[in-house]
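Worksheet for the structure shown next.
Remember, predicted model here, so these are calculated numbers, not experimental data.
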Amino acid sequence: MDETALQRVFRGESNARPPIWLMRQAGRYLPEYRALRAKAASFLDLCYDPELAAEATLQPIRRFGFDAAILFSDILVAPDALGAKVWFEDGEGPRLAPIATAEAFAALRREIDLARLAPIFETIRRVKAVLPREIALLGFCGAPWTVASYMVAGRGAPDQAPARLLAYRDPSLFRALIERLVQASIRYLCAQIEAGVDAVQIFDSWAGVLPSAEFRKWCFAPLNDIVAGVKARWPQTPIIAFPRGANQHLDEVARSSGADVVGLDTSVDLGFAAGLQRLKPVQGNLDPLALLAGGAALDRGTDDILDRLGGGPLIFNLGHGVLPQTPIAHVEQLVRRVRRS
Ligand code: 1CP
């Protein structure tokens with residue numbers, strides 16, 4: 001098989017030009033995505049329709065020629081397949097029936113229902129069948145802490161306060177929820193790999209709101225459990241950890257988590273990142289607002305990352321997702337600059 005530029009990074013090698021993909025590279029900033037989205041009754045219907053989801057996955061590849069495609073789906077399909085009721089309010093975001101009591105937890109499935117997620121595995125097979133071999137296909141899941149924070153609150157909540165409170169007030173219930181999600185994540189990621197993804201990313205978008213001791217319990221330990229579970233079955237498949245806002249804990253993640261690549265959010269200092277890169281390949285971390293702003297700010301932000309991290313194993317990315325207002329011309333400018341073309 002042809003080697004992808006990402007594979008070289010996973011092995012710890014650098015590329016003359018780092019490979020690039022962007023978190024949330026599919027989505028509302030693309031007119032072709034908005035047209036596709038209009039064909040599905042709801043966002044979840046889009047995620048569960050292999051034809052439409054494969055098309056959404058491929059759209060940013062066709063337009064920008066990124067080095068990786070990421071499966072078009074959402075982190076909240078996992079709680080959906082655990083029996084939590086999930087829906088998306090248009091223009092607002094996710095909603096779930098809250099899991100904040102022992103009774104609600106008891107109503108969840110013990111094991112994730114992979115049959116419910118069958119359309120997602122079909123999406124992976126369809127994308128894989130047409131994706132050029134030099135482009136990697138990434139699968140993903142949400143990390144247990146981040147997914148649990150939506151399950152407990154029933155929606156995105158400022159500072160994820162409801163889940164943090166539950167973890168303090170009823171740690172045994174919260175631990176049971178996290179453990180359920182660890183097992184679900186292992187099975188879900190293994191099934192994505194079996195369907196054909198080349199690597200997986202674990203999104204811990206809300207890792208940054210926790211005090212250190214809580215981070216170790218609810219983010220670091222579950223990450224390691226998932227990595228160990230997936231590696232036991234698929235030792236060769238690379239895993240990217242993205243604990244957003246983990247700051248100084250990134251050192252621990254680079255040093256002693258089993259993840260192959262450390263994803264850096266926008267706030268990570270590039271000097272600190274260069275130190276991490278001596279331990280593990282890194283991914284990141286351009287400010288999505290610099291991409292939105294464009295012009296000299298975008299070029300400066302891009303060059304800083306290339307200058308400080310481009311000599312080592314780097315996957316160029318944003319420090320969080322593409323914002324819906326982002327002009328397409330700015331994404332083109334970024335890709336040209338990273339490729340120096
Ligand atoms: O079309 C629409 O209106 C829905 C917008 C949308 C999209 C395009 C949502 C709702 N999810 C997605 C796709 C998505 N979500 C992908 C696809 C692949 C890609 O192109 O990157 C991925 C990887 C995700 C992951 C995801 N969903 C995360 C982790 C990454 C992050 O952004 O922090 C989280 C936290 C979610 C929850 C979610 N789904 C959607 C929204 C609006 C949210 C965030 C809600 C909040 O702000 O709390």
Side-chain angles (χ1 to χ4, degrees), residues 42-44 47-48 73-89 92-118 120 140-192 202-230 232 241 243-246 249 257:
S42 74
F43 173 69
L44 265 190
C47 294
Y48 287 140
S73 178
D74 196 81
I75 61 168
L76 298 176
V77 299
D80 189 53
L82 275 169
K85 194 173 153 34
V86 178
W87 71 102
F88 285 81
E89 294 285 344
E92 287 190 40
R95 296 287 183 274
L96 302 89
I99 308 285
T101 61
E103 293 70 39
F105 178 73
L108 286 180
R109 296 176 56 95
R110 293 208 153 266
E111 290 208 332
I112 189 166
D113 181 9
L114 292 179
R116 172 142 181 97
L117 301 175
I120 293 177
F140 70 92
C141 71
W145 159 247
T146 288
V147 174
S149 74
Y150 288 98
M151 292 177 83
V152 171
R155 57 189 299 164
D159 295 336
Q160 315 314 105
R164 288 161 66 190
L165 272 174
L166 183 67
Y168 288 129
R169 284 178 173 152
D170 193 344
S172 62
L173 174 62
F174 195 70
R175 181 170 297 284
L177 177 57
I178 292 287
E179 276 169 10
R180 184 73 49 94
L181 288 167
V182 165
Q183 294 311 319
S185 303
I186 292 169
R187 294 194 69 205
Y188 180 39
L189 290 179
C190 285
Q192 291 183 44
I202 301 172
F203 286 89
D204 211 348
S205 303
W206 299 109
V209 301
L210 294 176
S212 273
E214 299 295 293
F215 175 89
R216 294 212 170 85
K217 268 191 279 193
W218 309 127
C219 297
F220 190 67
L223 169 68
N224 283 336
D225 292 346
I226 294 173
V227 170
V230 173
R244 186 168 72 100
H249 296 296
S257 86

R95: salt bridge (Lys or Arg N to Asp or Glu O under 4.0 Å) partners, not counting sequence neighbours: E92
Which residue pairs pass the salt bridge (charged side-chain N to carboxylate O under 4.0 Å, His left out) test when at least one of the two sits in residues 150-160, sequence neighbours left out? none
Worked verdict on W87 versus L44 for side-chain contact (heavy atoms from CB on, under 4.5 Å): CA-CA 7 Å; W87 71 102; L44 265 190; 5.5 Å; no
Show your working on side-chain contact (heavy atoms from CB on, under 4.5 Å) between L181 and L177 and close with a plain yes or no. CA-CA 6 Å; L181 288 167; L177 177 57; 4.2 Å; yes
Using side-chain contact (heavy atoms from CB on, under 4.5 Å) as the criterion, list what pairs up with A100, not counting sequence neighbours. V152
As an exercise, state the distance from CG of L114 to CD1 of I120, rounded to the nearest 0.5 Å. 10.0 Å
Under 3.5 Å donor-acceptor, W206 side chain and W145 backbone: no
Among residues two or more places apart or on two chains, list those pairs meeting salt bridge (charged side-chain N to carboxylate O under 4.0 Å, His left out) that have a residue in residues 213-223. E214-K217, R216-E252
Distance, nearest 0.5 Å, that separates OG of S73 from OH of Y188: 4.0 Å
Should Y48 and L117 count as side-chain neighbours, where that means a heavy-atom distance under 4.5 Å? yes
Are F174 and F105 close enough, and set up right, to give a side-chain contact (heavy atoms from CB on, under 4.5 Å), and what steps lead you there? CA-CA 9 Å; F174 195 70; F105 178 73; over 6 Å; no
Pairwise side-chain contact, V86 with Y150, heavy-atom cut-off 4.5 Å (strictly under): no
Using the salt bridge (charged side-chain N to carboxylate O under 4.0 Å, His left out) rule, collect all pairs that involve residues 76-89, keeping only residues at least two apart or in two chains. D80-R116
Return the set of residues passing side chain to side chain donor-acceptor pair (under 3.5 Å) with T146 (not counting sequence neighbours), or none when no residue passes. D204
Test: salt bridge (charged side-chain N to carboxylate O under 4.0 Å, His left out). Region: residues 183-192. Which pairs qualify, not counting sequence neighbours? E111-R187
Do C219 and L210 have side chains that get closer than 4.5 Å, going by heavy atoms? yes
For N224, what residues pass the side-chain contact (heavy atoms from CB on, under 4.5 Å) criterion, not counting sequence neighbours? F220, S257
Heavy-atom closest contact (A184 atom, L82 atom, distance): CB-CD1, 4.1 Å
Apply salt bridge (Lys or Arg N to Asp or Glu O under 4.0 Å) to R175 and list each qualifying residue two or more places apart in sequence or on a separate chain. none
Taken in chain and number order and not counting sequence neighbours, the residues that satisfy side-chain contact (heavy atoms from CB on, under 4.5 Å) with A78 are I112
Can you tell me how far apart CD1 (I226) and SG (C190) are? Round to the nearest 0.5 Å. 10.5 Å
Heavy atoms only: give me the nearest M151-A84 pair and the separation to one decimal. CE-CB, 4.2 Å
For P98 and A104, which heavy atoms make the closest approach, and how far apart are they? O-CB, 3.9 Å
Residues that A221 engages under side-chain contact (heavy atoms from CB on, under 4.5 Å), provided they are two or more places apart: none
Angle class for the H249/F215 ring planes (parallel below 30°, perpendicular above 60°, tilted otherwise)? parallel
Taking all heavy atoms of P222 and all of V182, pick out the closest pair and write down the distance. CB-CG2, 3.8 Å
Here the pair of heavy atoms bringing L76 nearest to L96 is CD1-CD1, 4.3 Å
Shortest non-hydrogen separation from A163 to S149 and the atoms involved: CB-CA, 3.6 Å
Salt bridge (Lys or Arg N to Asp or Glu O under 4.0 Å) partners of E103, counting only residues at least two apart: none
